[in-house]
Amino acid sequence: MLDPHRTLTELRELQARTADRHGAQRVAYTAPWHAARGYLRAQLEDLPVTVSTDPAGNHWVTLPGESRQELWIGGHLDSVPNGGWLDGCLNVFAGLAVLRRLSHQ
């Protein structure tokens, strides 16, 4: 079952870690952006996934399965300066929720 409360809690935690009174500060390659990436990686640790990072810094998370079919979910953790608290990251954490559901965790 999907757990929207957990996802919302994680999004609020990301906000606490990477925003200030002006909004999200996860501009690519800045300290808050790196903090967001570290936070996401920590959430992935208990899942049976492989994580790779391409030269641009994109994370690719794969949950292997028995089917040859694929489901792709994308998003971004970076934000514009002073962006909204869900700028980009909502899709990433929705994808995390789907990974948890598909891996039964």
Side-chain angles (χ1 to χ4, degrees):
M1 171 177 264
L2 293 176
D3 185 352
H5 178 73
R6 181 178 186 179
T7 301
L8 183 58
T9 298
E10 290 170 339
L11 287 164
R12 288 293 185 190
E13 178 63 25
L14 181 68
Q15 178 187 25
R17 292 170 181 244
T18 63
D20 62 20
R21 63 185 180 88
H22 301 290
Q25 302 302 327
R26 296 182 308 275
V27 176
Y29 306 107
T30 62
W33 179 75
H34 285 288
R37 293 162 54 81
Y39 180 65
L40 175 62
R41 293 288 296 246
Q43 304 314 305
L44 294 167
E45 286 178 3
D46 294 334
L47 295 174
V49 298
T50 58
V51 180
S52 60
T53 305
D54 68 21
N58 298 303
H59 288 321
W60 295 88
V61 182
T62 304
L63 174 67
E66 296 177 21
S67 173
R68 293 185 60 132
Q69 294 180 335
E70 298 178 356
L71 170 65
W72 289 55
I73 300 172
H76 56 93
L77 286 175
D78 63 326
S79 69
V80 298
N82 306 323
W85 71 285
L86 295 175
D87 183 3
C89 61
L90 178 58
N91 287 355
V92 173
F93 281 84
L96 175 59
V98 171
L99 283 172
R100 286 185 178 126
R101 172 62 182 96
L102 292 175
S103 66
H104 310 290
Q105 294 190 15

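- Grouping the Ile, Leu, Val, Met, Phe, Trp and Tyr side chains by contacts below 4.5 angstrom, directly or via other members, places Val92 with Leu102.
- Between Thr7 and Asp3 there is no side-chain heavy-atom pair separated by less than 4.5 Å.
- A donor-acceptor pair under 3.5 Å is formed between the side chain of Asp87 and the backbone N or O of Val80.
- Note that CG of Asn58 and OG1 of Thr53 are 8.5 Å apart. Values are rounded to the nearest 0.5 Å.
- Between Ser103 and Leu47, the shortest heavy-atom distance links the atoms OG-CD2, 3.4 Å.
- Listed by first and then second residue, the side-chain hydrogen bond (donor to acceptor under 3.5 Å, both in side chains) pairs that reach into residues 31-44 come to none, sequence neighbours excluded.
- For the atom pair Arg6 CZ and Phe93 CZ, the distance stands at 11.0 Å (nearest 0.5 Å).
- Residues Leu90 and Val27 are members of separate hydrophobic clusters, defined by side-chain heavy-atom contacts under 4.5 angstrom among Ile, Leu, Val, Met, Phe, Trp and Tyr.
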Anything under 3.5 Å between a donor and an acceptor, one on a side chain of residues 60-68, the other on a protein residue two or more places apart or in another chain? List them.
from  : atom 1 : to    : atom 2 : distance (Å)
Trp60 : NE1    : Asp54 : OD2    : 3.0
Ser67 : OG     : Gln69 : N      : 2.9

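- Atoms CG and CZ, from Leu99 and Arg101 in turn, are 12.5 Å apart once rounded to the nearest 0.5 Å.
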Which atom pairs, one a donor and one an acceptor, fall under 3.5 Å between side chains of residues 70-79 and the rest of the protein, sequence neighbours left out?
from  : atom 1 : to    : atom 2 : distance (Å)
Glu70 : OE1    : Trp72 : NE1    : 2.8
His76 : ND1    : Asp78 : O      : 2.9
His76 : ND1    : Asp78 : OD1    : 2.9
Ser79 : OG     : Arg26 : N      : 2.9

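- Counting heavy atoms from C-beta outward, Leu11 and Cys89 have side chains that approach closer than 4.5 Å.
- Hydrophobic cluster membership is shared by Val98 and Leu40, with clusters built from Ile, Leu, Val, Met, Phe, Trp and Tyr side chains linked at under 4.5 angstrom.
- Remark: Trp85 CH2 to Leu14 CG distance equals 9.5 Å, nearest 0.5 Å.
- The distance from the CD atom of Gln25 to the CG atom of Asp20 is 4.0 Å, given to the nearest 0.5 Å.
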